[in-house]
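Atom set for the values below is all heavy atoms of this structure, side chains included, hydrogens, waters and symmetry mates excluded. Counting starts at 1 for both ligands and their atoms, in listed order.
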Amino acid sequence: MATINDNYLKLKAGYLFPEIGRRVNAFAAANPDAPIIRLGIGDVTEPLPEACRTAMIKAVEDMGDRSTFKGYGPEQGYGWLREAIATHDFQARGCDISADEIFVSDGSKCDCGNILDIFGNNNTIAVTDPVYPVYVDTNVMAGHTGEASDRGEYGGLIYLPISAENHFTAEIPSQKVDLIYLCFPNNPTGATATREHLADWVNYARANGSIIFFDAAYEAFITDPSLPHSIYEIEGARECAIEFRSFSKNAGFTGTRCALTVVPKTLKGKAADGSDVELWGLWNRRQSTKFNGVSYIVQRGAEAVYSPAGKAQTRALIDFYMENARIIREQLTSAGIQVYGGVNAPYVWVKTPHGLSSWDFFDKLLHTCNVVGTPGSGFGAAGEGYFRISAFNSRDNVNEAMRRIVEKFKS
Ligand code: MLT
């Protein structure tokens with residue numbers, strides 16, 4: 001009989017969001033009339049910007065004409081989209097990133113996992129705690145960890161705790177690590193990194209020959225102009241960082257699928273024979289072999305994000321969700337609940353009231369308010385006692401969810 005990848009057996013019960021889905025479905029089956037409002041998974045609810053839809057309709061027409069029809073596209077993405085990204089997302093912010101260092105893909109979640117293909121199996125890996133679970137689970141699947149402890153921590157990974165005490169930004173490790181995952185604005189805590197904090201990481205990585213995986217999927221939600229949007233705004237980052245970005249949250253592409261990964265040509269890793277090897281070439285080889293690119297139609301939609309109309313419409317979308325975040329923060333605070341995040345990020349990180357555990361608060365909210373959020377402990381042991389509320393929903397749903405919570409918890 002064929003054998004399996006036993007590393008999958010080390011994974012805990014399930015990926016957090018399917019687990020939440022199971023609990024909510026069970027509740028809904030038992031209470032079919034309950035008006036459930038989902039503020040759990042960070043999935044967008046508002047329609048795609050008109051500029052993107054118009055561009056995609058035009059692209060569909062292109063596919064209906066022999067002279068403009070497209071078959072396989074470049075695995076790295078069409079040049080016009082890569083140029084637009086390089087110009088607007090990076091060069092406009094002073095980052096020295098060129099179009100051919102940008103790889104268009106169908107999602108940051110996929111890329112965060114796939115990137116491990118080009119790294120060795122004996123790297124020391126650091127993640128924050130709490131953390132976006134994909135960083136951890138993909139390393140478990142790849143056999144980079146031992147078993148999970150009772151606390152849910154995998155042997156072999158270095159966990160860097162983040163909490164209110166350190167403003168949800170990890171201390172620079174005292175030991176040497178090879179791969180570091182950073183996410184700013186942070187999922188799940190909504191925290192941000194200052195230029196100085198990122199510079200400390202870049203300096204650490206360069207001193208130790210480490211690579212930083214920088215997840216900037218939520219950069220568009222930054223409202224404070226002093227905060228960096230890209231790690232390449234920090235000098236030296238071209239020598240030590242790969243950045244992941246997405247159209248999912250800024251332009252509502254969670255169902256449409258388009259993202260990008262930046263691999264600077266100056267990045268290097270060590271081969272077994274001790275020689276230095278360019279990571280760009282390895283990622284290019286990996287993508288050309290295992291990926292056939294994002295559809296022409298979707299890439300045209302993504303390109304439209306950078307048109308004047310697209311910029312105005314995505315700005316309006318982001319502002320809409322950030323107003324939701326403001327309402328969530330304000331309402332929960334008025335009910336005496338301590339909140340963090342939600343100012344430069346679409347996630348509000350809530351201290352569970354009355355000392356409730358994360359899952360107890362989840363159950364209480366579901367059963368008494370019919371509101372779904374995400375238990376902090378699902379993001380790691382240090383997330384226990386916290387709870388994440390997503391600002392991605394309609395205004396009516398956010399207002400109604402907050403009304404129910406305030407009514408229940410205002411003492
Ligand atoms: C989340 O809720 O954390 C996000 O939706 C996950 C994702 O973007 O993959």
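- The atoms of ligand 1 that sit less than 4.0 Å from any heavy atom of N187 are 1 (C), 3 (O).
- The atoms of ligand 1 that sit less than 4.0 Å from any heavy atom of Y347 are 1 (C), 2 (O), 3 (O), 4 (C).
- Evaluated by nearest non-hydrogen atom to atom 2 (O) of ligand 1, the leading choice among S248, S390, G42 is G42.
- Less than 4.0 angstrom separates some heavy atom of K249 from each of these atoms of ligand 1: 4 (C), 5 (O), 7 (C), 8 (O).
- Using a 30° and 60° split on the angle between ring planes, F184 and F214 fall in the tilted class, from 30° to 60°.
- Taking every heavy atom of Y132 and a limit of under 4.0 angstrom, the matching atoms of ligand 1 come to 6 (C), 7 (C), 8 (O), 9 (O).
- If you number the atoms of ligand 1 from 1 as listed, the ones under 4.0 Å from a heavy atom of R388 come out as 1 (C), 2 (O), 3 (O).
- Within 6.0 Å of the CD atom in E235, the count of heavy atoms belonging to other residues, nucleotides or ligands does not exceed 12.
- The closest side-chain donor-acceptor pair between Y132 and N186, if any, does not fall under 3.5 angstrom.
- Near I41, the atoms of ligand 1 lying under 4.0 angstrom from a non-hydrogen atom of the residue are 2 (O), 5 (O).
- Side chain to side chain, Y181 and N139 meet the donor-acceptor criterion of an N or O pair below 3.5 Å.
- Residue I180 comes nearest to S210 through the heavy atom pair CD1-CB, 3.9 Å, listed as atom of the first residue, atom of the second, then distance.
- Taking a 6.0 Å sphere around CZ of R285, one finds it holds 12 or fewer heavy atoms contributed by other residues, nucleotides or ligands.
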